[in-house]
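Step one of this worksheet: look at the structure below.
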Amino acid sequence: MSTPVVRVRFAPSPTGYLHIGGARTALFNWLFARQQGGEFVLRIEDTDAERSRPELIDIIFRSLEWLGLDWDGTPIHQSEREAMHLAAVETLLANGSAYWCSCSSEEVKARAEARGGTPGYDGFCRKRNLGAGDGHVVRFLVPEDGTTSFEDLIRGTVSFENAVLEDFVILRSNGTPMFHLANAVDDADQGITHVIRGEDLINVTPKVLLLREALKTPGELIFAHLPLIVNEKRQKLSKRRDDVSVGDYIDRGYLSEAMVNYLATLGWGPPDNIEIRPLGEIIDLFRLADVGKSGAFFDVKKLQHFNGEYIRKLSVPQFIDRSTRWLNVDTPWEADRFDIETFKVLAPLVQERVKVLSEVPGYVDFVFSPDPVFDEDSWQKVMVKGADLATAVLDHALAGFAECEWTAASLEGALFSYADEHEISKGKVQAPVRVSVTGRSVGPPLFESLEVLGRDETLRRLANAKSRIRG
RNA sequence: GCCCCCAUCGUCUAGCGGCCUAGGACACCACCCUCUCAAGGUGGACGCACGGGUUCAAAUCCCGUUGGGGGUGCCA
C-alpha cells in the first residue's frame, strides 16, 4: 500500500458553466493522471460565497462526465474546509508571517494613487501590531528581498522578485479565507503532486509558494502552466464575451469524443502527426513537457471537421441512437409524424453528410412534414429561372413515376431517361424533382428519398410544385 | 506604469544545431468522381516577426528590438 506518485486536481470555481478553457485544463490533468497511473481529483473552489452559485456545480460535473473525464474519490468543496484554512491563518499570525490590517480597499487605492499610480498595498499596517477588529483583514508578510522561483514543467524556470509582490490578503474582513491560502492548504492536505492549470494563474504561484514555505509545508509541488485558449482576437476565452460553454457544444450536436480529441491538439501535438485517434493512444503519447507555450485559437471549423470524422466512424445504429435527441425535441415536424423506422432507412445517407448532429433534422424533415417547406433561393433558381425545363421534367417524372417500379433504381431510370433523350446533364434534370419534393436543392440522394416518401406522396408533391410554378 | 509569459503557413501543430528545398492537419483554390450536397482522390497557393551574435553549419542556442497575451481585487 503506497500513495500514488501522481495526484492532480481540477479546481473549478462555480461562478459559471464549464467552458472550453476549463475543459482543456481538466483534460490535460486527466491525461497526465491516467498516463501516470495517478489520481485525478476534483475540488470546488467556492470560498467566495458572493459569487459562487451552487446550482452550477452539478452542471460542471455533468459536463466533465459528458467529456468522459472521470475523477477519483469524492469532490471536495473548499467551503467545507474553512476550519483548516482558519487554523492556517492562525499559524501564520502566530509565527509572524502575517498581520492584521485595518486599511480599507479605498484607502489602499487612494494611497497608491498618491504614490504615483502604482497599484498595490504599501505595507501600511505591517508594524502596527493590530488585532482582529471590524473591517480588519489579515495580510501575508511578503519578504522584502529575495526571489521566489519554481521550475515549470512547460516553461522552465520562472522567477519573481519578492519586492514586486505586495502583502496580499489571506483573510477577508468578513472572516473568510482567500483562495491563495485555501489553495496552499488544500493542495497540501490532499497530497497533490502536480498543479496543472492555465497560464493566467502563473503569477499567483509565488504567493502560494511563499505561503507553503511559511506554513512549513513538507514536500514539493510541481507546476505546469498551460498556454491559454484564445478567441479570434487572441484574447483569453471569456464566458461573457465568447460563446464557449461545453453545454452549448453538446446542444449543437458535437460528439464528446471529437471534442476531447480536438481539445487535446490545442497546445499539444502527437509526435507522429496523426491528430484524429483513439483516446487511449493520446493517453500513451501525451507528454506534459511537450505542451507548447503559446496561446491556441479555438477553431470551430476544425472541431467540426473532427466531429464529422467521428460521426462517420459511428456504426449506423450508434448514429441513430446519438441522433435521437435531435429527432424528438424542437423538431420542424409535429412529434407524432416522426417514424423511427423511416429514419432508419435514411440514416446511413444522412450520417455521411452531417458535421454536427443538429443538422440531422434538416436532412429528413421533408419526409416527416406534410408538405415541403420551400427554400426561396432554391425555388427561384430552379423553378423560376428554369421554369421551362422544370415544367417539362416534372411532366416527364409525373408520367414515369406513375407506373415504374417503386425502387430507387427504377425511379432513377424513369427520370434520367429524360436526360438521355434531351442530352441534358443528370444534375439539371434531378433539380426540379428535388426542389419539388424536398423544398431544397441540396439533400440526401434523391431516389432513395423518393423511395421512402412513397409513390402517392411523391406524385402529389410533384403536381403541387408544377401548379405552383404557374401560380 | 510595474511584473510574468509567449513568437514556425490564415488557424492548430511537427521540428529540439546538419536528415528543412521547413512536414502534417483545418480552412482556401483547381481538377477528378458524382443525381444535389457531402465524403473520397489528385494537385496548388500559403509560414520560420526583425536585427545582431555563437558555430564549419541556426527555424532550432544567446542578446536585443518589435509585436502579442496574462496578471496587477477583501474574484478564482
Side-chain angles (χ1 to χ4, degrees), chain A residues 11-15 45-48 50-52 78 101 103-105 108-109 116-121 135-139 152 154-155 158-161 163-166 168-174 176 178-180 182-183 197-206 225 227-228 230 232-236 262 265-276 290 292-306 308-309 312 349-355 363 378 382 411-412 415-416 419 425-431 433-435 438 440-448:
Chain A
S13 66
T15 54
E45 307 224 323
D46 54 354
T47 52
D48 185 355
E50 302 268 314
R51 275 168 240 266
S52 287
Q78 209 157 45
C101 165
C103 302
S104 67
S105 312
V108 171
K109 202 173 170 186
T118 310
Y121 181 66
H136 292 195
V137 299
V138 174
R139 288 181 183 275
D152 189 290
I154 295 172
R155 281 155 219 284
V158 180
S159 58
F160 294 79
E161 296 288 331
V164 305
L165 267 26
E166 64 176 317
F168 53 94
V169 173
I170 57 176
L171 186 74
R172 298 186 182 91
S173 59
N174 68 5
T176 60
M178 289 282 288
F179 109 105
H180 311 94
N183 223 270
R197 51 165 31 158
E199 195 198 349
D200 51 341
L201 290 166
I202 200 165
N203 19 233
V204 317
T205 304
H225 288 94
L228 262 20
V230 301
E232 63 287 342
K233 290 157 83 176
R234 304 216 64 89
Q235 292 166 324
K236 168 171 113 165
Y262 174 65
T265 67
L266 257 29
W268 175 80
D272 56 9
N273 275 330
I274 299 171
E275 293 182 314
I276 297 182
D290 289 341
K293 302 177 175 92
S294 38
F297 172 61
F298 182 69
D299 186 354
V300 180
K301 284 263 180 59
K302 190 160 179 177
L303 203 215
Q304 268 183 11
H305 176 264
F306 274 46
E309 295 263 331
R312 277 174 258 125
L349 304 175
V350 177
Q351 180 175 7
E352 54 190 87
R353 287 175 168 74
V354 296
K355 284 196 163 70
Y363 277 88
S378 299
V382 177
L411 288 161
E412 179 171 351
L415 210 220
F416 287 155
S425 75
K426 293 173 177 177
K428 286 230 176 0
V429 171
Q430 60 91 42
V433 175
R434 180 182 292 281
V435 172
T438 71
R440 301 188 193 89
S441 55
V442 302
L446 183 61
F447 306 107
E448 283 81 351

All salt bridge (Lys or Arg N to Asp or Glu O under 4.0 Å) counterparts of [X], not counting sequence neighbours:
X: A/Glu166; value: none
X: A/Arg51; value: A/Asp48
X: A/Arg440; value: A/Asp365

Which atom names give the shortest non-hydrogen contact between A/Pro206 and A/Leu165, and what distance separates them?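 Closest approach of A/Pro206 to A/Leu165: CB-CD2, 3.9 Å.
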
List the residues meeting side chain to side chain donor-acceptor pair (under 3.5 Å) with A/Lys302, not counting sequence neighbours, and say none if there are none.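 For A/Lys302 the side chain to side chain donor-acceptor pair (under 3.5 Å) partners, ignoring immediate neighbours, are A/Glu275.
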
My understanding is that only one of A/Leu446, A/Val429, A/Val382 makes a side chain to side chain contact (heavy atoms under 4.5 Å, CB included) with A/Arg434; could you say which?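 Checked A/Leu446, A/Val429, A/Val382 against A/Arg434; only one passes side chain to side chain contact (heavy atoms under 4.5 Å, CB included): A/Leu446.
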
Suppose you measure atom [atom1] in [N] against the same atom in [M]; what distance do you get, rounded to whole Å?
N: B/rC32; M: B/rA57; atom1: C1'; value: 44 Å
N: B/rA45; M: B/rA39; atom1: C1'; value: 24 Å
N: B/rU55; M: B/rG43; atom1: P; value: 44 Å
N: B/rC50; M: B/rU8; atom1: C1'; value: 15 Å
N: B/rC33; M: B/rG41; atom1: P; value: 16 Å
N: B/rU60; M: B/rG51; atom1: P; value: 13 Å
N: B/rG47; M: B/rC20; atom1: C1'; value: 13 Å
N: B/rA58; M: B/rC16; atom1: P; value: 16 Å

Nearest whole Å is fine: how far is [N] [atom2] from [X] [atom1]?
X: A/Lys426; N: B/rU34; atom1: NZ; atom2: C1'; value: 9 Å
X: A/Lys109; N: B/rG1; atom1: NZ; atom2: P; value: 18 Å
X: A/Gln304; N: B/rA38; atom1: CD; atom2: P; value: 13 Å
X: A/Glu352; N: B/rC35; atom1: CD; atom2: P; value: 14 Å
X: A/Phe306; N: B/rC26; atom1: CZ; atom2: C1'; value: 8 Å
X: A/Lys301; N: B/rU11; atom1: NZ; atom2: P; value: 14 Å
X: A/Tyr363; N: B/rU36; atom1: OH; atom2: P; value: 14 Å
X: A/Tyr262; N: B/rU11; atom1: OH; atom2: P; value: 12 Å

Mind checking if A/Lys428 touches a base, just sugar-phosphate, or nothing, with heavy atoms under 4.0 Å? nothing

With heavy atoms under 4.0 Å as the rule, sort A/Val137 into base, sugar-phosphate or nothing.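 Here A/Val137 touches the bases of the nucleic acid.
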
Distance-only donor-acceptor test, [X] side-chain atoms vs [N] base atoms, 3.5 Å:
X: A/Gln235; N: B/rG70; value: no
X: A/Asp200; N: B/rG71; value: no
X: A/Ser173; N: B/rC74; value: yes
X: A/Lys302; N: B/rA25; value: yes
X: A/Arg353; N: B/rU36; value: yes

Got a list of protein N/O to nucleotides 29-31 of chain B N/O distances below 3.5 Å?
none

Would you say A/Arg155 reaches B/rA7's phosphate, i.e. side-chain N/O to OP1/OP2 under 4.0 Å? no

Is it the case that A/Arg197 and A/Thr205 place a side-chain donor and acceptor less than 3.5 Å from each other? yes

Not counting sequence neighbours, which residues clear ring pair (Phe, Tyr, Trp, His ring centres under 6.0 Å) with A/Tyr121? List them please. none

